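I'd like to ask some things about the structure below.
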Amino acid sequence: AKRLCREIKGGLGNRRLLVASGSGNFGHKAVAKYGIETPLGVARVQRVAQEIGEIVTDELIDVGLPGVLVAPHDIWPDGKFVMREEIVPVLYGDVVWEGRGPVIYSGEKCIEKLLPMLGQVEMIVQSGCEDGVWGENKKIIPEIDSKNWKRMKKFVGGSAGVDYTGGMLHKVEEGLMMARKFGLKPIVING
């Protein structure tokens with residue numbers, strides 16, 4: 001996280017930044033261990049997710065970026081969020097209470113839900129532990145769009161570990177939806 005935060009700061013320029021951190025294996029393992037069927041399970045999973053968000057926030061502050069942790073479960077389902085110019089909001093994958101009960105919001109889901117409130121967004125960079133999206137013959141797919149997705153989808157899997165949101169398949173599908181709906185071009189990188 002430290003190296004990635006330094007790189008973000010170095011390439012930020014005058015752009016504003018919002019960070020949405022996924023919970024990775026930690027959050028997904030917490031869901032497997034505690035579940036989200038009871039209020040106590042939800043509380044435990046939310047706490048693990050928050051700890052991961054705190055790590056990212058601390059790293060941003062350490063490199064001189066004013067990271068401020070924002071709990072997705074405090075924003076949704078109502079969707080009240082204010083993007084202040086002087087801070088770097090840090091959201092994270094979380095459990096959010098919706099109409100029928102608790103649901104998991106990935107970092108990508110948080111971004112997708114915020115886009116209508118943010119105005120002009122220049123880019124979305126999705127960082128993971130892979131160099132990109134693996135395709136046929138263990139080669140990175142240079143570009144995925146609505147035209148080639150049906151053909152490429154068969155090569156893209158979920159996650160190697162426990163994952164309740166769908167791993168890389170989820171990242172790509174959320175990215176394609178955001179590209180179609182908001183005219184953005186999400187990028188998947190190794191963080």
Side-chain angles (χ1 to χ4, degrees), residues 1 3-8 10-13 15-32 36 45 48-49 52-53 55-56 72 75-76 79 89-96 98 102-191:
R3 176 192 53 80
L4 187 56
C5 288
R6 279 193 306 261
E7 290 176 8
I8 289 169
L12 189 58
R15 295 181 202 99
R16 293 176 62 202
L17 175 67
L18 179 138
V19 174
S21 170
S23 292
N25 274 342
F26 301 105
H28 297 289
K29 286 180 182 175
V31 173
I36 59 170
V45 172
V48 168
I52 295 162
I55 291 167
V56 174
I75 298 174
W76 291 291
V90 179
L91 287 93
Y92 51 88
D94 197 6
V95 181
V96 174
E98 285 192 342
V103 296
I104 297 171
Y105 271 33
S106 65
E108 291 85 10
K109 182 71 170 178
C110 290
I111 293 169
E112 181 253 323
K113 295 283 278 183
L114 281 177
L115 281 172
M117 295 179 237
L118 296 178
Q120 182 65 32
V121 175
E122 185 177 328
M123 71 174 66
I124 295 174
V125 179
Q126 297 170 292
S127 175
C129 61
E130 300 292 341
D131 290 335
V133 181
W134 295 102
E136 192 174 21
N137 300 323
K138 300 279 184 195
K139 292 184 180 176
I140 299 293
I141 303 170
E143 185 169 345
I144 297 173
D145 57 29
S146 58
K147 295 178 194 116
N148 69 1
W149 176 233
K150 189 173 181 179
R151 188 170 36 97
M152 296 294 157
K153 185 175 182 175
K154 64 185 168 195
F155 303 113
V156 180
S159 175
V162 177
D163 192 313
Y164 285 86
T165 57
M168 188 61 76
L169 184 63
H170 173 75
K171 279 188 187 325
V172 172
E173 288 181 333
E174 283 287 316
L176 286 170
M177 185 279 306
M178 287 185 273
R180 185 176 54 253
K181 195 171 177 181
F182 301 104
L184 296 169
K185 186 175 180 179
I187 301 166
V188 176
I189 65 165
N190 187 331

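Given the structure is predicted, the values throughout are model-derived calculations rather than measurements.
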### Query
Any side-chain heavy atom of Val45 within less than 4.5 Å of one from Ile104?
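Counting from C-beta outward, Val45 and Ile104 never come under 4.5 Å.
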### Query
Glu173 versus Glu108: any side-chain heavy-atom pair under 4.5 Å?
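No, their side chains stay 4.5 Å or more apart.
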### Message
Could you measure the distance from the CE atom of Met178 to the CZ atom of Arg180? Nearest 0.5 Å is fine.
### Response
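Rounded to the nearest 0.5 Å, the CE-CZ separation comes to 11.0 Å.
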### Message
I need the Lys113 NZ to Trp76 CH2 distance, nearest 0.5 Å.
### Response
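Between Lys113 NZ and Trp76 CH2, I get 7.5 Å after rounding to 0.5 Å.
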### Query
Rounded to the nearest 0.5 Å, how far apart are CG of Leu114 and CG of Leu91?
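If I round to the nearest 0.5 Å, the distance is 5.5 Å.
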### Query
Do any N or O atoms from the side chain of Asp94 and from the backbone of Val96 form a donor-acceptor pair under 3.5 angstrom?
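Judged by distance alone, no pair lies under 3.5 Å.
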### Message
With a 4.5 Å cut-off on side-chain heavy atoms, are Cys110 and Tyr92 touching?
### Response
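No; the side chains remain at least 4.5 Å from each other.
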### Task
Could you tell me which residues satisfy side-chain contact (heavy atoms from CB on, under 4.5 Å) with Arg6, sequence neighbours excluded, listed by chain and number?
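For Arg6, the residues satisfying side-chain contact (heavy atoms from CB on, under 4.5 Å) (neighbours in sequence not counted) are Lys2, Arg3, Val63.
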#### Entry: Residues in side-chain contact (heavy atoms from CB on, under 4.5 Å) contact with Ile141, at least two apart in sequence or another chain
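Result, side-chain contact (heavy atoms from CB on, under 4.5 Å) vs Ile141: Val133, Ile144, Met152, Val156.
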#### Entry: Partner set under salt bridge (Lys or Arg N to Asp or Glu O under 4.0 Å) for Lys109, not counting sequence neighbours
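Checked Lys109 against salt bridge (Lys or Arg N to Asp or Glu O under 4.0 Å); matches are Glu112.
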### Query
Hey, what do you get for CD1 (Ile55) to CD1 (Ile52), rounding to the nearest 0.5 Å?
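Spacing of CD1 (Ile55) from CD1 (Ile52) equals 6.5 Å.
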### Message
Set out, in order, the CA-CA distance, both residues' side-chain angles and the distance that settles side-chain contact (heavy atoms from CB on, under 4.5 Å) for Val121 and Ile111, then state yes or no.
### Response
CA-CA 11 Å; Val121 175; Ile111 293 169; over 6 Å; no
### Separation between CG of Leu184 and CE of Met177, rounded to the nearest 0.5 Å
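With rounding to 0.5 Å, CG (Leu184) is 9.5 Å from CE (Met177).
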### Message
On a heavy-atom basis, which atom in Gly93 and which in Ala49 lie closest, and how many Å separate them?
### Response
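Heavy atoms only, the tightest pair is O-CB, 3.1 Å.
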### Query
Listed by chain and number, what are the side-chain hydrogen bond (donor to acceptor under 3.5 Å, both in side chains) partners of Glu143, not counting sequence neighbours?
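Scan of Glu143 (side-chain hydrogen bond (donor to acceptor under 3.5 Å, both in side chains), adjacent residues dropped) gives none.
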### Task
Can you sort out the partners of Leu17 under side-chain contact (heavy atoms from CB on, under 4.5 Å), two or more places apart, ordered by chain and number?
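Partners of Leu17 under the side-chain contact (heavy atoms from CB on, under 4.5 Å) test: Ile8, Leu12, Val19, Leu65, Val88.
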